[in-house]
Novice: 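A single structure is presented below for examination.
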There are 2 protein chains.
Amino acid sequence: MTVKRNTWQREAVRDALDSNEGFVSAQGLHSSLRSAGSPIGLATVYRALADLAVEGEADSLQSPEGENLYRACTPGQHHHHLICRNCGLTVEIEADAVERWAQATASEHGFTQANHVVDVFGLCAACTLLAGD
Amino acid sequence: MTVKRNTWQREAVRDALDSNEGFVSAQGLHSSLRSAGSPIGLATVYRALADLAVEGEADSLQSPEGENLYRACTPGQHHHHLICRNCGLTVEIEADAVERWAQATASEHGFTQANHVVDVFGLCAACTLLAGD
DNA sequence: TATGCTGTTGATAACGAATCTCATTACAGC
DNA sequence: GCTGTAATGAGATTCGTTATCAACAGCATA
């Protein structure tokens, strides 16, 4: 039985995530930490983020460019995101209806172990005004 | 004005896409073509697929592993997919409900110009049996 | 507090997908 | 056929991510 240890590195990653508004890439988070004086290693940041995502302390999603982005979230909740494609502002949205729909659709076609990708990208109110001119 | 030329390579990629049930990666399509005797190059397959996607002759999506997957589709239709993460079998699903939900949620939070990513990954019936024991 | 076991770290190598380079090839119009 | 130029493709390159592995450090115990 493996025992998980607490290290300052994990804490640093957790803190950095918490103090961030939107989604961040592992590399971005790493360079923030480094430029803040932390000697933390890149591999460690990747590992910490992956762990946090598994434990449900962080949400992760793929950017359209293929990067994995992470964001702190309240544990234990499954939710989706409404993301401003201009400024990155993110709103957590609950979607029980979509949840049920995904499950139902999957089993309707004989699929099992279904998970789903549901994210909405748009322009937030502020960016809509700016872009509106 | 650049004139687009027809080459057997583009045709080969289009055919290979058409004769395929589900989503395929560029690399996968390339190695299929190669093992079928075609000397087509990898870069060409990438280019052809990107072109097809732009022209609306192919759907593209990101797999959870970060690969870009492609699939022939009937142009002009907006639909979502139920994809077997093992064998790539794909079922096109209509989701008016989800469509409306996405729009409603977006405008509810002041977001405009919303588009959405909705894909369901799972194991198809056949692959569920294989993976069963 | 010292000791030992073992989970964790981090520099770097390795990997894989995708793109770029550029000399060569071959389509399309004449 | 010729010619201009878009397209090709082998290989190099970029970039995000993961694997390697020796050194380190958390945590339980003596």
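In what follows, chains are A, B, ... by sequence order, proteins preceding strands, each numbered from 1. Predicted model, so just to flag it, every value in this text is computed and none were measured.
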Novice: Could you work out, with side chain to side chain contact (heavy atoms under 4.5 Å, CB included) as the rule, every residue matching Glu21(A), not counting sequence neighbours?
Specialist: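 Here no residue qualifies.
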Novice: Can you check the Gln27(A) CD to dT14(D) C1' distance for me, whole Å?
Specialist: 12 Å
Novice: So if I take residues 36-45 of chain B and measure heavy-atom distances to DNA chain C, which residues fall below 4.0 Å?
Specialist: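 Correct list: Ala43(B).
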Novice: Any carboxylate oxygen within less than 4.0 angstrom of a Lys/Arg side-chain nitrogen, looking at Arg14(A) and Glu55(A)?
Specialist: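 Judged by the 4.0 Å cut-off on N to carboxylate O distance, Arg14(A) and Glu55(A) do not form a salt bridge.
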Novice: Output the rounded distance in Å from CD (Gln62(B)) to P (dT17(D)).
Specialist: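 Between P of dT17(D) and CD of Gln62(B): 11 Å.
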Novice: What is the distance, to the nearest angstrom, from the NE2 atom on His30(B) to the C1' atom on dG11(D)?
Specialist: 13 Å
Novice: Considering only residues two or more places apart or on different chains, which pairs with a residue in residues 10-41 of chain B satisfy ring pair (Phe, Tyr, Trp, His ring centres under 6.0 Å)?
Specialist: Phe23(B)-His81(B)
Novice: Treat each ILVMFWY residue as a node, draw an edge where side-chain heavy atoms are under 4.5 Å apart, and state whether Leu33(B) and Tyr70(B) are in one component.
Specialist: yes
Novice: Cluster question for you: counting only ILVMFWY and a side-chain heavy-atom cut-off of under 4.5 Å, with indirect links fine, are Leu29(A) and Trp8(A) together?
Specialist: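 Linked within one cluster.
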Novice: In whole angstrom, what separates Arg10(A)'s CZ from dG10(C)'s P?
Specialist: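 In whole Å, dG10(C) P lies 11 Å from Arg10(A) CZ.
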Novice: Which angle, rounded to 10°, do you find between the first-five-pair axis and the last-five-pair axis of the helix from dT1(C)-dA30(D) to dC30(C)-dG1(D)?
Specialist: 30°
Novice: Polar pairs (N or O, both sides) under 3.5 Å between protein and nucleotides 26-30 of chain C?
Specialist:
| unit_1 | atom_1 | unit_2 | atom_2 | d |
| --- | --- | --- | --- | --- |
| dC27(C) | O3' | Asn6(B) | O | 3.4 |
| dC27(C) | O2 | Arg5(B) | NH1 | 3.3 |
| dA28(C) | OP1 | Asn6(B) | N | 3.2 |

Novice: Do any N or O atoms from the side chain of Glu11(A) and from the backbone of Asn6(A) form a donor-acceptor pair under 3.5 angstrom?
Specialist: no
Novice: Treating His80(A) as the side-chain partner and Val118(A) as the backbone partner, does any N or O pair qualify as donor plus acceptor under 3.5 Å?
Specialist: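 Present.
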Novice: Quick one: do the Glu99(B) and His116(B) side chains pair a donor with an acceptor below 3.5 Å?
Specialist: yes
Novice: Just to be sure I understand the rule, does Arg47(B) reach a base, reach only the sugar-phosphate, or reach nothing, if contact means heavy atoms closer than 4.0 Å?
Specialist: base
Novice: Between Gln113(A) and Thr128(B) (side chain of the first, backbone of the second, donor and acceptor by atom type, cut-off under 3.5 Å), is there such a pair?
Specialist: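 No, Gln113(A) side chain to Thr128(B) backbone: no donor-acceptor pair under 3.5 Å.
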Novice: Just to confirm, is there a sub-4.0 Å distance from OP1 or OP2 of dA17(C) to any side-chain nitrogen or oxygen of Asn68(B)?
Specialist: no
Novice: Using a cut-off of less than 4.0 Å, is there contact between a side-chain N or O of Tyr46(A) and OP1 or OP2 of dT17(D)?
Specialist: yes
Novice: Atom CG of Leu49(A) and atom P of dG16(D): how far apart are they, to the nearest Å?
Specialist: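 One finds 15 Å between P of dG16(D) and CG of Leu49(A), rounded.
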Novice: Scan Asp96(A), Val91(A), Asp59(A) and name whichever one has a side-chain contact (heavy atoms from CB on, under 4.5 Å) with His79(A).
Specialist: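 Of all the options given, the one that passes is Asp59(A).
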Novice: Round to a whole Å and report the spacing from CD of Glu65(B) to C1' of dC15(C).
Specialist: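 From Glu65(B) CD to dC15(C) C1': 15 Å.
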Novice: Anything under 3.5 Å between a donor and an acceptor, one on a side chain of residues 38-51 of chain B, the other on a protein residue two or more places apart or in another chain? List them.
Specialist:
| unit_1 | atom_1 | unit_2 | atom_2 | d |
| --- | --- | --- | --- | --- |
| Ser38(B) | OG | Ile40(B) | N | 3.2 |
| Tyr46(B) | OH | Gln27(B) | NE2 | 3.1 |
| Asp51(B) | OD2 | Arg10(B) | NH1 | 2.5 |
| Asp51(B) | OD2 | Arg10(B) | NH2 | 3.4 |

